[in-house]
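Residues: numbered from 1 along the sequence shown.
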Amino acid sequence: MNRTYALQAVKITVPVFFGYLAIGIPFGLMVVNSGYPCWIAPAMSLFMYAGAGQYMAIGLLASNASLPVMFVTQLLLNSRHIVYGLSLIKPFRNVGKIKPYLVFALTDETYALMTSCTVPPNANPAKFYGLIAALDQSYWILGSIIGAVAGLFIPSQHLQGVDFALTLLFVVLLIDQIKSTK
């Protein structure tokens with residue numbers, strides 16, 4: 001991909017970088033604080049990559065929930081992605097072999113970027129969308145690694161309430177959305 005297009009994708013994803021660090025770090029802290037090895041955080045971020053779903057999974061695992069309960073909970077929590085996917089059928093129609101990754105990497109933030117950005121002229125849409133998705137996922141992985149490693153050094157009594165970070169993020173986003181619609 002052209003360096004200019006890559007720089008544009010990085011520029012587009014900078015807000016996600018800061019947001020994912022802000023919620024990825026608490027996720028990594030929560031994983032370690034729940035008694036799991038620190039490698040679980042980046043592994044989940046690589047193979048599961050579902051922010052709220054990952055937070056929920058740690059809570060479900062810690063409470064010894066059954067597999068059917070975990071499955072149904074994750075299905076209900078992430079069912080909004082069905083609507084996202086339906087709205088991207090046309091833009092993703094000709095992306096070729098990268099389509100499965102684009103579907104997998106479709107988070108709320110990545111969806112917002114892909115539906116609001118313009119693919120640069122003469123850029124390959126599949127590569128451009130793929131780069132946005134890969135950058136976003138790498139930011140989430142980085143945040144979870146930082147949090148997990150920090151969790152090894154921070155006593156657990158100082159981590160109470162960290163799992164509430166994602167809820168707070170949604171509250172802040174909701175307030176911002178309400179203010180912007182007035």
Item checked: Separation between CG of Leu131 and CD of Gln8, rounded to the nearest 0.5 Å -> 10.5 Å

Check: Is there side-chain contact between Val119 and Tyr5, with heavy atoms separated by less than 4.5 Å?
Finding: no

Next item on the list: Please confirm whether the backbone N or O of Gly143 pairs with a side-chain atom of Tyr20, one donor and one acceptor, at under 3.5 Å?
Entry: no

Margin query: With rounding to the nearest 0.5 angstrom, report the OG to CG distance, Ser34 to Leu29.
Written below: 10.5 Å

Check: Atom CG in Leu113, atom CG in Asp108: separation rounded to 0.5 Å?
Finding: 11.0 Å

Check: Do side-chain atoms of Asn78 reach the backbone of Gln74 as a donor and acceptor pair under 3.5 angstrom?
Finding: yes

Next item on the list: Determine, using the 4.5 Å side-chain heavy-atom cutoff (strictly less than), whether Phe47 and Val103 are members of one ILVMFWY cluster.
Entry: no

Note to self: Could you check whether any side-chain N or O of Tyr55 sits under 3.5 Å from a backbone N or O of Ala50, counting only pairs where one atom can act as donor and the other as acceptor?
What the structure shows: no

Notebook entry, point to check: Does the pair Val16 and Trp140 meet the rule for a side-chain contact (heavy atoms from CB on, under 4.5 Å), with working shown?
Noted result: CA-CA 9 Å; Val16 175; Trp140 180 256; over 6 Å; no

Note to self: Between His81 (side chain only) and Thr107 (backbone N and O only), is there a donor and an acceptor less than 3.5 Å apart?
What the structure shows: no

Next item on the list: Would you kindly confirm whether Phe27 and Phe18 end up in one hydrophobic cluster when ILVMFWY residues are joined by side chain heavy atoms under 4.5 Å apart?
Entry: yes

Next item on the list: Using a 4.5 Å cut-off on heavy atoms from C-beta on, say whether the side chain of Tyr49 contacts that of Thr110.
Entry: yes

Note to self: Could you tell me if the side chain of Pro26 sits less than 4.5 Å from the side chain of Met30, heavy atoms only?
What the structure shows: no

Notebook entry, point to check: Is a side-chain donor-acceptor pair under 3.5 Å present for Thr13 with Asp136?
Noted result: no

Notebook entry, point to check: For the residue pair Ala41 and Gly28, what are the closest heavy atoms and their distance?
Noted result: CB-CA, 4.0 Å

Notebook entry, point to check: When rounded to the nearest 0.5 angstrom, what distance separates CG in Leu135 from CD1 in Ile132?
Noted result: 8.0 Å

Margin query: The test is side-chain contact (heavy atoms from CB on, under 4.5 Å); show your working for Val31 and Ser144 and say whether it passes.
Written below: CA-CA 9 Å; Val31 167; Ser144 68; over 6 Å; no

Margin query: Please check this pair: side chain of Thr73 against backbone of Val69, looking for a donor-acceptor N/O pair closer than 3.5 Å.
Written below: yes

Margin query: Whether the Gln137 and Tyr101 side chains hold a donor-acceptor pair (N or O, under 3.5 Å, no angle test) is what I'd like checked.
Written below: yes

Checklist line | Distance (rounded to the nearest 0.5 Å) between Leu106 CG and Arg80 CZ | finding: 9.5 Å

Next item on the list: Ignoring hydrogens and angles, state whether a donor on the side chain of Gln54 or Ser45 is under 3.5 Å from an acceptor on the partner side chain.
Entry: yes

Item checked: Hydrophobic cluster membership, Val83 vs Leu75, 4.5 Å side-chain cutoff -> no

Check: Checking side-chain contact (heavy atoms from CB on, under 4.5 Å) for the pair Val10/Phe17: CA distance, chi angles, key distance, verdict?
Finding: CA-CA 9 Å; Val10 169; Phe17 170 76; over 6 Å; no

Quick one: side chains of residues 57-65, donor-acceptor pairs under 3.5 Å with protein atoms, not counting sequence neighbours, listed by atom name and distance.
unit_1, atom_1, unit_2, atom_2, d
Ser63, OG, Gly59, O, 3.2
Ser63, OG, Leu60, O, 3.0

Item checked: same_hphob_cluster(Met56, Met48) at 4.5 Å side-chain heavy-atom cutoff -> yes

Pairs of donor and acceptor atoms involving the side chains of residues 87-100, under 3.5 Å and at least two apart or interchain, shall be tabulated with distances.
unit_1, atom_1, unit_2, atom_2, d
Ser87, OG, Tyr84, O, 2.8
Ser87, OG, Tyr111, OH, 2.8

Checklist line | side-chain contact (heavy atoms from CB on, under 4.5 Å) between Ile12 and Phe128, worked out | finding: CA-CA 11 Å; Ile12 289 169; Phe128 191 70; 3.7 Å; yes

Item checked: Phe104 atom CZ, over 12 foreign heavy atoms within 6.0 Å -> yes

